[in-house]
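The structure appears below as structure tokens.
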Amino acid sequence: MALWSRSTSWVVLGIAFVLTTFGPVSFLWLILCGFSFIVGALVMLFQHGRAKGQTWWRESGSMKVSFPPMGLPLLVEDLRRGGKKIKADKRMTGSSIIDEVLQEVLDYTYRDYIHSWYRRISDDEKFRYDMRMTLQRVIIALSERAKDVDLVPYLTTYLVDDFASHIKLYRQALERVKAHQKDDTKPPPDLEAIFFDLETEMEKNLCRDAICLSDESERQYLQDLSEALLFLLLPPEDFHNKPFRYIVREVLVNGVFLPTFNLISDPDYINQAICSLCGEAPLTNDCFLLTLKTTDSVDELEAVKEKVDLDIARQRSKDSGGEDDVAVKRQLSSLLYVKGVCEKRIQQLHDGLDEPDLLPVGLDMNKLMVPGHRLYSLPFDGVLHNNVALSYFLEFMTSIGAQGYIFFYLTVEGYRVSTEQQMSVALLAEDGSTSHAEMPDLEMVRDAAISIYNQYLSEKVSPRLSIDAPMVKVLRDRIYYDQPTETVFDEVQARVWDILQDNPKYFPAFRKSQLYIKLLAELDLLKEGATRLDDCDNDSDSSRSSDHRGSAEDLLSSGESSSSNEPTAKGSDYTLTAHISTTGGDISWGEHAYD
């Protein structure tokens, strides 16, 4: 502070000496001279620079020099150039064939459900890359988790049971609707309401009507399902990114789940799928006759009848004797049989009988159910090895809640065949005929046996097959501690065979049920049996039955007939046998004697 005050004093003293020596006018002239000197220097610099600039311009011509881009323009230019090309790893499942199809599905999914709206927001490919990588990680995680799922019991048992239960509920709902329609005092029945009421009774207070009947509830349910799937399949950093998770969820719901469910539940799509599947194999006589007997369309029956009449007229024009006379008569009798089936079904529909009647003309279900009525007696082993007979027996066992015995028997049969193949490979490997790469995995065989045990015989499963506890314990020890073989289930399977055959609630009760009579009707054994008992020498009936039989077209001209409630009498006059060759295998029904 003292230095500043001393400097100021000297400046003031200098100004005072100048003013007193030269006067105020000379001081102003001194300031003006300094200012003029500065202005003159600036003017000379400008003139000199201008001259130099004009000289440089004349020498360089019209050359233009651009300044290097800096800051934001550089970023814009980099974006315009497209940046670095993104390379994506397209491997997902380990199979190139499957990966190519999945990549194509992802391309279509992005094109139809993401690019359609994202292109209006940005053209940055990074989002598309991130979306694809996320979907690929989801597919990889799903494939890894699918390897841990035991698909065999699910596809062969649980899924089949759910589908059969759904069909059973639908049929019961149709029966209630028909019962309501017969009562004029009741309001018009609602099929959907009845169906879901039956579902509530079966599922014990569980009903899905809210999801199935409301579009908004269905969408909400699918969103919750998608959230659960994304929680299990997405990496944690992607799942906790809410905007990204919501985008993926909505794409799954609106682009995958809803369109898929709407498509597979569309009647037109179902009919087209059935037609495409039927087009791969020719229509058999059995299927054609069964369709005529069960259809509810009078127009279709009339159209078939019209075509049959034309063929009958054409065949009758050829019926003039000669070498082809026998073949023509057989063809004519077959056409007359088909015409009779159409006329019978048309008459049933006109009479208001919606339920198809598979019984031959002149036979009554009530009369056939009377104790002591003579019917074909199909053996138990033949029923288990025949596709048509097994389907009826399985339906009966399902109606009483005992279908597990049949499923167990069939599953063990499949296990035996598969294990025999594995064991044969193992024997070849011991002889040196098989390479190490082709060695069977015996642990997989053990796992299959454990899966069968846990599904049907474990104490934790419900319902559990009623098998002797010591037998089940021995089986468990063999499965877990012995080398797996194809005969490990033989003792238990034989016990299940005896239960099904001898228990009065199972096969004996099935032979006294309406389903058994319907089975005989579908095999055309009711009419044939009556014909043989009445007149075994009737050639016309024998010829017609061999030509027109619906489900057992090649059934031999004789069949087994016995009382369903009385023992077979001794001292027979003749022997009858039956043989089916076109309904699932060559099965001999056996030989028995009758009065």
Side-chain angles (χ1 to χ4, degrees), residues 150-169 171 202 377-419 448-479 485-520 564 583-585 587 589-590:
D150 194 355
L151 295 177
V152 175
Y154 173 74
L155 296 177
T156 59
T157 302
Y158 302 128
L159 184 61
V160 176
D161 288 346
D162 292 340
F163 181 77
S165 300
H166 183 83
I167 298 298
K168 182 180 178 181
L169 288 175
R171 291 178 176 176
M202 184 185 71
S377 179
L378 305 181
F380 178 68
D381 58 342
V383 171
L384 283 186
H385 293 85
N386 179 271
N387 293 339
V388 176
L390 181 60
S391 65
Y392 278 90
F393 186 40
L394 180 59
E395 183 178 354
F396 172 79
M397 295 293 289
T398 303
S399 65
I400 62 176
Q403 67 275 15
Y405 289 99
I406 298 181
F407 287 146
F408 173 79
Y409 181 86
L410 298 177
T411 304
V412 170
E413 285 293 313
Y415 167 83
R416 178 182 291 107
V417 173
S418 176
T419 307
I450 293 175
S451 176
I452 296 175
Y453 173 84
N454 292 334
Q455 185 176 351
Y456 297 100
L457 302 173
S458 175
E459 296 179 356
K460 300 178 181 179
V461 71
S462 179
R464 179 173 177 265
L465 300 186
S466 180
I467 307 295
D468 300 337
M471 185 181 298
V472 175
K473 185 177 183 302
V474 172
L475 172 64
R476 184 182 184 279
D477 294 339
R478 289 178 180 175
I479 293 175
T485 62
E486 68 275 13
T487 60
V488 66
F489 287 101
D490 284 359
E491 185 177 357
V492 178
Q493 188 183 27
R495 178 56 181 160
V496 170
W497 175 288
D498 294 338
I499 292 175
L500 289 173
Q501 185 178 19
D502 300 333
N503 193 318
K505 296 188 298 182
Y506 300 149
F507 187 69
F510 168 68
R511 294 178 61 176
K512 300 176 183 179
S513 66
Q514 293 186 2
L515 288 174
Y516 182 75
I517 296 177
K518 291 180 179 180
L519 168 61
L520 297 180
S564 59
T583 57
I587 300 171
W589 295 133

Original post:
Among all residues two or more places apart in sequence or in another chain, which pass the side-chain contact (heavy atoms from CB on, under 4.5 Å) test with Ala448?
Top reply: Tyr415

**OP:** In sequence, state the C-alpha distance, the side-chain angles, and the governing distance for Ile499 and Ile467, and then conclude on side chain to side chain contact (heavy atoms under 4.5 Å, CB included).
**Re:** CA-CA 9 Å; Ile499 292 175; Ile467 307 295; 3.8 Å; yes

Original post:
Who passes salt bridge (charged side-chain N to carboxylate O under 4.0 Å, His left out) against Asp498, sequence neighbours left out?
Top reply: none

Subject >> Minimal non-hydrogen separation, Thr398 against Lys168, with atom names >> reply: O-NZ, 4.0 Å

**OP:** Give every residue pair that meets the salt bridge (Lys or Arg N to Asp or Glu O under 4.0 Å) criterion with at least one member in residues 400-419, sequence neighbours excluded.
**Re:** Glu413-Arg416, Arg416-Asp490

Subject >> Residues forming a side-chain hydrogen bond (donor to acceptor under 3.5 Å, both in side chains) with Ser451, sequence neighbours excluded >> reply: Asp150

Original post:
Quick one: CZ on Phe408 to CG on Leu457, what's the gap to the nearest 0.5 Å?
Top reply: 5.0 Å

Original post:
Any side-chain heavy-atom pair from Thr419 and Thr485 closer than 4.5 angstrom?
Top reply: no

Subject >> side-chain contact (heavy atoms from CB on, under 4.5 Å) partners for Leu390, two or more places apart >> reply: Leu384, Ile406, Leu410

**OP:** Please list, chain by chain and in numerical order, all residues satisfying ring-ring contact (aromatic ring centres under 6.0 Å, His included) with Tyr516, sequence neighbours excluded.
**Re:** Phe510

Subject >> Min side-chain heavy-atom separation Val472-Arg464 under 4.5 Å >> reply: yes

**OP:** Find the distance between CD (Glu491) and CZ (Arg478) and round it off to the nearest 0.5 Å.
**Re:** 5.5 Å

**OP:** Measure up the Tyr409 and Trp497 rings against each other and bin them: parallel (under 30°), tilted (30 to 60°), perpendicular (over 60°).
**Re:** tilted

Subject >> Closest contact, heavy atoms only, Leu500 versus Pro508 >> reply: O-CD, 4.2 Å

Original post:
Looking at OG1 of Thr487 and CD of Gln493, how far apart are the two atoms once the value is rounded to the nearest 0.5 Å?
Top reply: 11.0 Å

Original post:
Given side chains that start at C-beta, do those of Leu520 and Leu378 come closer than 4.5 Å, heavy atoms only?
Top reply: yes

**OP:** List in chain and number order the residues that pass salt bridge (charged side-chain N to carboxylate O under 4.0 Å, His left out) with Arg171, two or more places apart in sequence or in another chain; answer none if no residue qualifies.
**Re:** Glu395

**OP:** Sequence neighbours left out, what passes salt bridge (charged side-chain N to carboxylate O under 4.0 Å, His left out) with Asp468? Give chain and number order.
**Re:** none

**OP:** Return the set of residues passing salt bridge (charged side-chain N to carboxylate O under 4.0 Å, His left out) with Glu486 (not counting sequence neighbours), or none when no residue passes.
**Re:** none

Original post:
How would you list, by chain and number, every residue that makes a side-chain contact (heavy atoms from CB on, under 4.5 Å) with Asp161, sequence neighbours excluded?
Top reply: Thr157, Phe407

Original post:
If you look at every heavy atom in Leu515 and Tyr392, which pair is closest and at what distance?
Top reply: O-CD2, 3.5 Å

Subject >> For Ile400, all residues meeting side-chain contact (heavy atoms from CB on, under 4.5 Å), sequence neighbours excluded >> reply: Phe396, Met397, Ala402, Tyr506

**OP:** With rounding to the nearest 0.5 Å, note down the distance linking CD1 in Ile452 to OG in Ser458.
**Re:** 13.5 Å

